[in-house]
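Data first, discussion second: the structure below is written as structure tokens.
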2 protein chains.
Amino acid sequence: MVATMKRVNMRALADSIGVDRATISRALSTDKAHLVAPATRDLIRAAAAAAGYRADLMAATLRRGRSDTVGILVSDMMNEVLVRVMREIVTDLNRDQTRGQELTPLIAETGDGSGHIGHFLRTFLSRRVDAIICLSATEDDAEALQAAAREVPVVLAVRSISAIDLPSATCDDGAGGALVARHFLAHHHRVVCQIQGPQTATTFRNRAAGFSVVCREAGVRELSIGTSARAAISSEGRAVAEAILATPDRPTAVFAHNDSMALGFIEAMRHQGLAYPDDIAIVGFNNTELSRVLARPMSTVEYPVAKVSGHAADLVRALIKNREFSWESKSFDPQLVDRGTGVKRPA
Amino acid sequence: MVATMKRVNMRALADSIGVDRATISRALSTDKAHLVAPATRDLIRAAAAAAGYRADLMAATLRRGRSDTVGILVSDMMNEVLVRVMREIVTDLNRDQTRGQELTPLIAETGDGSGHIGHFLRTFLSRRVDAIICLSATEDDAEALQAAAREVPVVLAVRSISAIDLPSATCDDGAGGALVARHFLAHHHRVVCQIQGPQTATTFRNRAAGFSVVCREAGVRELSIGTSARAAISSEGRAVAEAILATPDRPTAVFAHNDSMALGFIEAMRHQGLAYPDDIAIVGFNNTELSRVLARPMSTVEYPVAKVSGHAADLVRALIKNREFSWESKSFDPQLVDRGTGVKRPA
DNA sequence: CGGATGATGTCAATCGATTGCATTCGATCC
DNA sequence: GGATCGAATGCAATCGATTGACATCATCCG
């Protein structure tokens, strides 16, 4: 037998105190509480607490036309960077702002296959979210996002897309690639190579381009041997790594577009009896836990999680307050975390 | 300038087709569509699609008293097991059931500090979730969960709590510990040791107990040297590991309560010039990515993610359909993934 | 042919909170 | 003392969809 308690609604509470529902609504709100006499307000608040009254936010949303809710789309909840950004956006949105404006997140994992996004966007809109944040959008999603943006503000984070112009907060991946290239330069590497992520993602294209430009300008030789992995995961990284190690003309330093693929490279090295990191220098990307907990921690590029999520949250808040807000997309510089795996082996 | 489109509501749609809102509501529903003449139904559906009509689920929820929404509490979105369970629960809840009953998840990350749970539960209840799933509840949360359970079904997953009797889906951690102990036995280890997670969590207490019982019965000597980590993370695991390695009387096999702590142990071994896994056998728990991508993959215990999440989803669905459903808590056996790091070094 | 039956639809109440407007009442001002 | 003002509160419409009760109409049966 389950003890089902019927919830108290505003009407019941009103009857029990002998005061109008309107007064209760005002007394319990943040912005209209000043319209109620202090004595009444305290009385109401006490009674509400005693009765265990809890406002029905669905009803409130219906009347207000605003739900204090933000939809968050994330492609993969196992992706450390995405999760960290998402988590920071969420805490940021809940941070007690000027006025107790709390924004509850609605999170949906879309999976990487494209085309699903439309479904989740529709669900969000049906639930009357005040805004939508899309982490890791792909170009395929442009149309669906565009449509959603006609109804509520849509903010992109981590990955922006070129087809449409939406407010975004991203990492300057080109700068990240350049950072690694210059690191290799500083350590006198003359023959380098990349393990690229799938080039369908702008993220990886930018990392690749940023790296290559610096190499070209400095006259460093960049090998291009089967450099693009089919997916940004360690097994694919290992496949690329094996192709690289199979060439007679080995690079002295390798830039992996993320830490997982870097790990694949390390495995491949070990498998071939090469010593990590002494025989071939390697630098990853993202500063994931993986890179830190390796027996020998790996140099990597730190993703500007706090800045990206902070800007995304700012955009959302500003746009909710004012749809016409003249927003600015921002891209933040990543930083190299030098753990020494990028140095050149003394000849 | 933002192109703000006003949404079409049911009234507008009704006026445009010249049919009552009630008919539209029925035509678009799954369960009452049969009450509408096929011709009218098709007409309405076509018109709705053409007008881009999307039902306001807040209004529907208000009227129905049911939101088709499930609140999910998760303590840490970086925890691989929790995320995997959560993800499977979500896809399971959305699986097109008997009748297109889709349950949208509301996800909240609670963080490990206790006491916050009440806040999230209240938010969920205010948003009128039909049920709540709590992953990784702690004993401190008992009261808050109990209160919530008076209003909607509450299901525990991954971690159940002893203070109250709620439907739950868990892993049989005692069996997991025993599994590892027997594995060590089979490989003729006679002196073993555990790196335990914080004993405030039943999960770890059960793993510890299951392991110890088997050891005791088999007459295997279990060392107890500073065996409990303050947190189930690699750095803490390493601290415990160092204490273990510092004793003159070393175990030949170590059971770490999760893979992170096992990794800490491996680091400590390397630091002391010991070869992993030859010098001391080690087995972890959870079969996380970490354990698989190690240069030398580690034996570990596979968490029955699919079974736990499947049962949790079943419980939720059944209880939403019928509050009085006579539920059954279930605990599922984990499995040993033998990658050879638990064998005894040939003397 | 009258009335029962069933298939389709319409009407209007309802869910619970919010808010513009009206009302009340005491205080203040001329 | 009557008008005016402002503070505090009540009244009632509203948000958008759902659903029980009822109306309409064709059909069918005895």
Side-chain angles (χ1 to χ4, degrees), chain A residues 6-45 47-48 51-69 101 123 125-130 151, chain B residues 6-45 47-48 51-69 101 123 125-130 151:
Chain A
K6 73 169 193 300
R7 39 189 330 139
V8 246
N9 60 16
M10 199 172 258
R11 169 169 272 124
L13 186 62
D15 292 348
S16 82
I17 334 184
V19 90
D20 194 85
R21 326 215 273 302
T23 309
I24 296 189
S25 172
R26 289 191 270 253
L28 297 181
S29 79
T30 338
D31 51 340
K32 293 208 169 50
H34 67 276
L35 293 174
V36 178
T40 330
R41 195 191 330 156
D42 294 345
L43 172 72
I44 292 178
R45 292 211 169 138
Y53 170 75
R54 216 178 311 104
D56 184 322
L57 290 186
M58 302 294 103
T61 294
L62 176 58
R63 172 61 221 239
R64 286 203 201 111
R66 176 172 49 84
S67 63
D68 291 341
T69 272
Q101 180 80 293
T123 303
L125 292 174
S126 270
R127 296 203 176 277
R128 309 222 53 151
V129 295
D130 294 336
E151 298 195 40
Chain B
K6 71 170 195 298
R7 42 193 326 142
V8 253
N9 60 17
M10 197 172 258
R11 170 169 270 125
L13 186 62
D15 292 347
S16 83
I17 336 185
V19 90
D20 195 86
R21 324 214 276 301
T23 309
I24 297 189
S25 173
R26 289 193 267 255
L28 297 180
S29 79
T30 339
D31 50 339
K32 293 206 168 54
H34 66 276
L35 294 173
V36 178
T40 330
R41 195 192 329 158
D42 294 345
L43 172 74
I44 291 178
R45 292 211 169 139
Y53 171 74
R54 216 179 311 105
D56 184 322
L57 289 185
M58 303 294 103
T61 295
L62 175 59
R63 172 60 223 239
R64 287 202 198 109
R66 174 171 51 83
S67 64
D68 291 341
T69 274
Q101 182 79 290
T123 303
L125 293 173
S126 270
R127 297 205 174 275
R128 310 221 53 149
V129 295
D130 294 336
E151 300 195 39

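Letters go in sequence order (proteins before strands), and every chain restarts at 1.
- Between B/R127 and A/R127, the closest side-chain pair of non-hydrogen atoms is not below 4.5 Å.
- Rounded to the nearest 0.5 angstrom, A/R26 CZ and A/D31 CG are separated by 11.5 Å.
- When DNA chain D is scanned 5' to 3' for any atom under 4.0 Å from a heavy atom of chain A, the first and last hits are D/dA8 to D/dG16.
- Within the 4.0 Å cut-off from OP1 or OP2 of C/dT19, at least one side-chain nitrogen or oxygen of A/K32 is found.
- Using a 4.0 Å cutoff on non-hydrogen atoms, the parts of residues 53-64 of chain B near DNA chain C are B/L62, B/R63, ordered by number.
- Scanning all heavy atoms of the two residues, the minimum distance from B/Y53 to B/L28 falls at CE2-CD1, 3.6 Å.
- Taken from NZ in B/K32 to OG1 in B/T23, the straight-line distance is 13.5 Å, to the nearest 0.5 Å.
- Residue B/L62 holds its CG atom at 12.5 Å from CG of B/L57, rounded to the nearest 0.5 Å.
- Distance A/D20 CG to C/dT24 P: 14 Å, rounded to the nearest Å.
- Across all strands shown, B/T40 has heavy atoms under 4.0 Å from sugar-phosphate atoms exclusively, and none from any base.
- A donor-acceptor contact shorter than 3.5 Å links the side chain of A/R45 to the backbone of A/A27.
- Atoms CZ (B/R11) and P (C/dT10) sit 14 Å apart, rounded to a whole Å.
- Atom CZ in B/R128 sits 12.0 Å away from atom CE in B/M58 (nearest 0.5 Å).
- At a threshold of 4.0 angstrom between heavy atoms, the contacts of B/T23 include nucleobase atoms, whether or not backbone atoms are also involved.
- In this structure, CZ of B/R26 is placed 14 Å from P of C/dA7, rounded to the nearest angstrom.
- Checking A/R21 against B/H34, the closest nucleotide of DNA chain C that is more toward the 5' end is the one next to B/H34.
- Side-chain atoms of B/S67 do not come within 3.5 Å of backbone N or O of B/T61 as any donor-acceptor pair.
- If you take CD1 of B/I17 and P of C/dG9, they are 12 Å apart, rounded to a whole angstrom.
- The interatomic distance linking A/I24 (CD1) with C/dT19 (P) rounds to 15 Å, in whole Å.
- Listed for the B/R7 side chain is a donor-acceptor partner under 3.5 Å among the backbone atoms of A/L125.
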